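Computed from a prediction, not measured in an experiment: that's the story for all the values here. Naming convention: chains lettered A, B, ... in sequence-line order (proteins, then strands); numbering from 1 in each chain.
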Amino acid sequence: MKYWLMKSEPDAYGINDLIAQPARTDHWDGIRNYQARNFMSKEMKVGDQAFFYHSSCAEPGIVGIVKIAREAYLDFTAFDSKSKYYDPKSTPEKPRWFMVDVKFVRKLKRPITLQELKAQEPLQEMRLLQRGNRLSILPVSKREWDYIVKLEKR
DNA sequence: GCCAACGTTGGC
DNA sequence: GCCAACGTTGGC
């Protein structure tokens with residue numbers, strides 16, 4: 001089982017939007033970056049867990065935990081000319097983009113902000129904290145995962 | 001709103 | 001295949 005971190009802008013889609021879905025499950029559409037797509041389509045498995053991260057907001061940070069509920073399948077928003085994720089180069093015959101389903105597991109007892117993560121000596125190697133990183137889906141090591149879950153309880 | 005970092009596109 | 005131009009991300 002692997003661990004991940006998935007970013008979303010709370011103004012567009014925050015953790016409460018996921019909670020509001022039927023079965024607290026939703027598809028994670030709109031990934032238009034090859035590296036992030038490859039993580040989803042090649043490595044994510046049902047049952048993997050991921051931190052739900054709020055980005056581009058007043059307090060960026062981890063706010064909850066989700067798990068992968070369905071492995072990668074066609075991201076249909078790429079075929080929809082009215083969608084902001086429309087990509088004419090992706091067709092049902094030759095799809096370019098994929099998405100997974102995620103299911104809400106729980107909110108953290110308190111958000112763990114980017115600022116707090118940065119201050120942790122054991123997390124200095126984390127992908128999220130590397131400079132210039134803009135990937136919206138990132139792997140998290142088990143050691144990092146366990147550390148952050150422990151940090152939550154402090 | 002600014003800007004650094006980075007990915008993608010397209011001309012050559 | 002190179003690389004300049006452009007677009008996007010995301011913290012601040």
| field | Results of side chain to side chain donor-acceptor pair (under 3.5 Å) for A:Q49 - residues two or more places apart only | value | none
| message | Applying ring pair (Phe, Tyr, Trp, His ring centres under 6.0 Å) as the test, list every pair that has at least one member in residues 102-124 of chain A; sequence neighbours left out. | response | none
| Single-linkage hydrophobic cluster A:Y53~A:L151, side-chain heavy atoms < 4.5 angstrom | yes
| query | Between the side chains of A:W28 and A:D101, is a donor N or O closer than 3.5 angstrom to an acceptor N or O? | reply | no
| field | Positions of residues 50-59 of chain A (non-hydrogen atom under 4.0 Å from DNA chain B), listed by number | value | none
| task | Among residues two or more places apart or on two chains, list those pairs meeting salt bridge (Lys or Arg N to Asp or Glu O under 4.0 Å) that have a residue in residues 23-34 of chain A. | result | A:R32-A:D75
| ring pair (Phe, Tyr, Trp, His ring centres under 6.0 Å) partners of residues 55-96 of chain A, not counting sequence neighbours, each pair once | A:H27-A:F76
| query | For DNA chain B, which nucleotides open and close the run of contacts to chain A, 5' to 3', at under 4.0 angstrom from a non-hydrogen atom? | reply | B:dA5 to B:dT9
| For DNA chain C, which residues in residues 27-41 of chain A have a heavy atom at a distance below 4.0 Å? | none
| Which other residues end up in the same hydrophobic cluster as A:Y34, if Ile, Leu, Val, Met, Phe, Trp and Tyr are linked when side-chain heavy atoms come under 4.5 Å apart? | A:W97
| message | Are A:L135 and A:V100 connected into the same hydrophobic cluster when the rule is that any two of I, L, V, M, F, W, Y join if their side-chain heavy atoms are below 4.5 Å apart? | response | yes
| note | So the ring pair (Phe, Tyr, Trp, His ring centres under 6.0 Å) pairs with at least one residue in residues 124-154 of chain A (sequence neighbours excluded) are A:Y3-A:W145, A:F51-A:W145
| Residues that A:E9 engages under side chain to side chain donor-acceptor pair (under 3.5 Å), provided they are two or more places apart | none
| With A:S141 via side chain to side chain donor-acceptor pair (under 3.5 Å) - residues at least two apart | A:E144
| note | In numerical order, the residues of residues 119-137 of chain A whose heavy atoms come under 4.0 Å of DNA chain B are A:R131, A:G132, A:R134
| field | Option among A:K150, A:K142, A:R143 that satisfies the side chain to side chain donor-acceptor pair (under 3.5 Å) test with A:D146 | value | A:K142
